[in-house]
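Here's the structure we're looking at; comments come further down.
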Amino acid sequence: MNEKRFQKVTEIIRKRKLLVMAINLLDKLITAITFMCYPLLLAYLFVNKSDLLLSAVLVPGVSFAVVTVFRRLYNSKRPYEVYDFEPVIQKNTLGKSFPSRHVFSIFVIGMTFLQVQTDLGIWFMFLGVLLAMIRVFGGVHFIKDVTVGAVAGIVFGCIGFYVIF
């Protein structure tokens, strides 16, 4: 989205307090669900002595570290920094926008769930698409940030689960 579209979208959303609340709530809720379910998945794999446990820890963990280091080095500005507006999602972080780590994380965790239970993996991928839209409409990421975050999560998951392990 360009500056005019970001301004217009956030202005439309900001005029509807219920929509602002919904976007902020969904952003936090989807993130919380993901980060509560992932340790539960690991516990399930541990209790069942699954051979997948090591890869379920290493693939998301190592790839998360790689993305975090890349973001810090690349240090891309966020939409509200570039276009000087207040985002719908309360955020005051400067830089480190590319790729979206929230979106990356949910997709790589979705890839992890796919290894154990296909339906849950697909559900997390759906939540990932929803989260990506929320992060863009909330004004904290550009479309390229969330797209690359999603693709990177899938690619790291595929490489980790289907090539390395």
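Computed over heavy atoms, backbone and side chain alike; hydrogens, waters and symmetry mates excluded.
Atom-to-atom distance recorded for Ile33:CD1 and Ile106:CD1 is 8.5 Å, nearest 0.5 angstrom. Summarising the geometry, atom CG belonging to Leu130 is positioned 10.0 Å from atom CG belonging to Leu29; distances are rounded to the nearest 0.5 Å. Between atom CD1 of residue Ile23 and atom OG1 of residue Thr10 there is a gap of 10.0 Å, rounded to the nearest 0.5 Å. The structure places NZ of Lys77 at 10.0 Å from CZ of Phe142, a figure rounded to the nearest 0.5 Å. To the nearest 0.5 Å, atom CD1 of residue Ile89 and atom CZ of residue Arg78 are 10.0 Å apart. Atom OG of residue Ser100 and atom CD1 of residue Ile143 lie 13.0 Å apart, to the nearest 0.5 angstrom.
Under the 30°/60° scheme for interplanar angles, the aromatic rings of Phe113 and Phe124 are found to lie parallel. Taking the six-membered ring where the residue is Trp, Phe6 and Tyr83 present tilted rings, their angle falling between 30° and 60°.
With Asn24 contributing its side chain and Val88 its backbone, the two residues share a donor-acceptor pair below 3.5 Å. Checking side-chain atoms of Gln115 against main-chain N and O of Leu52 turns up no donor-acceptor pair under 3.5 Å. Distance alone, capped at 3.5 Å, is enough to place a donor-acceptor pair between the His141 side chain and the Ser97 backbone. Side chain of Arg71 to main chain of Pro99: a donor-acceptor pair is present (N/O by atom type, distance under 3.5 Å, no hydrogens or angles). Distance alone, capped at 3.5 Å, places no donor-acceptor pair between the Asn48 side chain and the Ser50 backbone.
Considering Lys15, Arg14, Lys8 in turn, Lys15 is the only one that fulfils the salt bridge (Lys or Arg N to Asp or Glu O under 4.0 Å) rule with Glu11.
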- Message: With side-chain contact (heavy atoms from CB on, under 4.5 Å) as the criterion, how do Phe64 and Arg101 come out once you've worked through the C-alpha distance, each side chain's angles and the decisive distance to 0.1 Å?
- Response: CA-CA 8 Å; Phe64 183 84; Arg101 203 166 48 185; 3.4 Å; yes
- Task: Check the pair Cys158 / Met111 against side-chain contact (heavy atoms from CB on, under 4.5 Å), numbers first and verdict last.
- Result: CA-CA 8 Å; Cys158 286; Met111 291 297 293; 3.6 Å; yes
- Message: Please determine whether side-chain contact (heavy atoms from CB on, under 4.5 Å) holds for the pair Met125 and Val129, giving the CA-CA distance in whole Å, both sets of side-chain angles, and the decisive distance to 0.1 Å.
- Response: CA-CA 6 Å; Met125 297 295 182; Val129 171; 5.9 Å; no
- Query: How far apart are the C-alpha atoms of Trp123 and Leu127, what are their side-chain angles, what is the distance that settles it, and do they pass the side-chain contact (heavy atoms from CB on, under 4.5 Å) test?
  - Reply: CA-CA 6 Å; Trp123 175 247; Leu127 287 177; 3.4 Å; yes
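In this structure, Leu40 places its CG atom where more than 12 heavy-atom neighbours from other residues, nucleotides or ligands lie under 6.0 Å away. Other residues, nucleotides and ligands contribute over 12 non-hydrogen atoms within 6.0 Å of the NZ atom of Lys144. A 6.0 Å sphere centred on CZ of Phe46 holds no more than 12 heavy atoms belonging to other residues, nucleotides or ligands. The 12-atom threshold is exceeded at CG of Asn2, counting heavy atoms of other residues, nucleotides or ligands nearer than 6.0 Å.
Following chains of ILVMFWY side-chain contacts shorter than 4.5 Å, one cannot reach Ile12 starting from Val136, and the two form parts of different hydrophobic clusters. Linking Ile, Leu, Val, Met, Phe, Trp and Tyr whenever their side-chain heavy atoms come within less than 4.5 Å puts Tyr162 and Val57 in one cluster. Cluster annotation: Phe35 is not connected to Leu25 through the hydrophobic network of ILVMFWY side chains, with a link wherever side-chain heavy atoms come within less than 4.5 Å. Cluster annotation: Ile154 is connected to Ile159 through the hydrophobic network of ILVMFWY side chains, with a link wherever side-chain heavy atoms come within less than 4.5 Å.
When every heavy atom of Val103 is checked against every heavy atom of Ala150, the shortest pair comes out as CG1-N, 3.6 Å. Listed here is the closest heavy atom pair of Thr31 and Asp27: OG1-O, 2.8 Å. Contact detail for Asn92 and Tyr80: the closest heavy-atom pair is C-OH, 3.9 Å. Ala56 and Leu45 make their closest contact through CB-CD1, 3.5 Å (heavy atoms, listed as atom of the first residue, atom of the second, distance). Scanning both residues, Pro60 and Tyr38, for their nearest heavy atoms gives CG-OH, 3.6 Å. Across all their heavy atoms, Val108 and Ser63 have their closest contact at CG2-OG, 3.7 Å.
Counting Ile, Leu, Val, Met, Phe, Trp and Tyr side chains that sit under 4.5 Å apart, directly or through other members, Leu94 stands alone, with no cluster partners. Side-chain heavy-atom separations under 4.5 angstrom define the hydrophobic clusters, and the remaining members of the one that includes Val148 are Phe70, Tyr74, Phe98.
With contacts defined as side-chain heavy-atom distances shorter than 4.5 Å, the pair Phe161/Leu114 does not qualify. No side-chain heavy atom of Gln7 sits less than 4.5 Å from a side-chain heavy atom of Met1. At a threshold of 4.5 Å between non-hydrogen side-chain atoms, the residues Phe156 and Val66 count as touching.
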